[in-house]
Amino acid sequence: ANREAVTLNLWPFFGQISLPLFAALSGALYIGFILGAAVAWWAGRRTRSTARREARQAAQLTRENADLRARIDTLPPRSGGVLPAPPAP
């Protein structure tokens, strides 16, 4: 229903263009959405960087844990934890 022609002045770029009101409003919404998504992506860069760093650290710790478990499995078995008898008086 908003087919009335409006004139947009795009001063530093193209001059003026005439288009239907619904197109001008839709274009403004799309541009706002794209700019908002770009700002949100830019704002989350530190969080993504921290997540990548912590994922690398978790992978390293998982590998280290697996190596230590493998080393434990290769140790000889203990005597069962039984203490020797005390010497006779």
Side-chain angles (χ1 to χ4, degrees):
N2 294 320
R3 296 185 184 273
E4 182 74 30
V6 293
T7 302
L8 294 179
N9 185 4
L10 305 172
W11 167 63
F13 303 113
F14 305 111
Q16 293 182 349
I17 59 172
S18 183
L19 63 151
L21 180 60
F22 75 90
L25 293 176
S26 297
L29 288 174
Y30 289 134
I31 290 171
F33 178 78
I34 297 299
L35 289 177
V39 167
W41 178 80
W42 182 260
R45 69 189 186 281
R46 288 188 185 132
T47 303
R48 290 189 306 274
S49 173
T50 301
R52 282 190 300 269
R53 184 178 59 247
E54 289 180 359
R56 285 190 300 266
Q57 184 180 10
Q60 178 186 0
L61 290 174
T62 301
R63 286 189 304 271
E64 184 178 336
N65 190 18
D67 292 343
L68 290 174
R69 286 185 186 273
R71 284 180 54 194
I72 288 173
D73 290 343
T74 61
L75 292 176
R78 300 181 103 193
S79 64
V82 178
L83 294 175

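Atoms OG1 and CG, on T62 and D67 in that order, are 11.0 Å from each other to the nearest 0.5 Å. The distance from atom CZ of R63 to atom CG of L68, rounded to the nearest 0.5 Å, is 13.0 Å. Interatomic distance, L10 CG to I17 CD1, rounded to the nearest 0.5 Å: 5.0 Å.
Summarising the local packing, CZ of R69 is surrounded by 12 or fewer heavy atoms from other residues, nucleotides or ligands at distances under 6.0 Å. The 12-atom threshold is exceeded at CZ of R48, counting heavy atoms of other residues, nucleotides or ligands nearer than 6.0 Å.
Of all heavy-atom pairs spanning L8 and A24, the tightest one is CD1-CB, 4.1 Å.
With hydrogens and angles disregarded, no donor-acceptor distance shorter than 3.5 Å links the side chain of S49 to the backbone of R45.
Linking Ile, Leu, Val, Met, Phe, Trp and Tyr residues whenever their side-chain heavy atoms come within less than 4.5 Å leaves F22 and V6 in two separate clusters. Each of V39 and I31 belongs to its own hydrophobic cluster when Ile, Leu, Val, Met, Phe, Trp and Tyr are linked at side-chain heavy-atom distances under 4.5 angstrom. There is no path of hydrophobic side-chain contacts, each under 4.5 Å, that joins L29 to I34.
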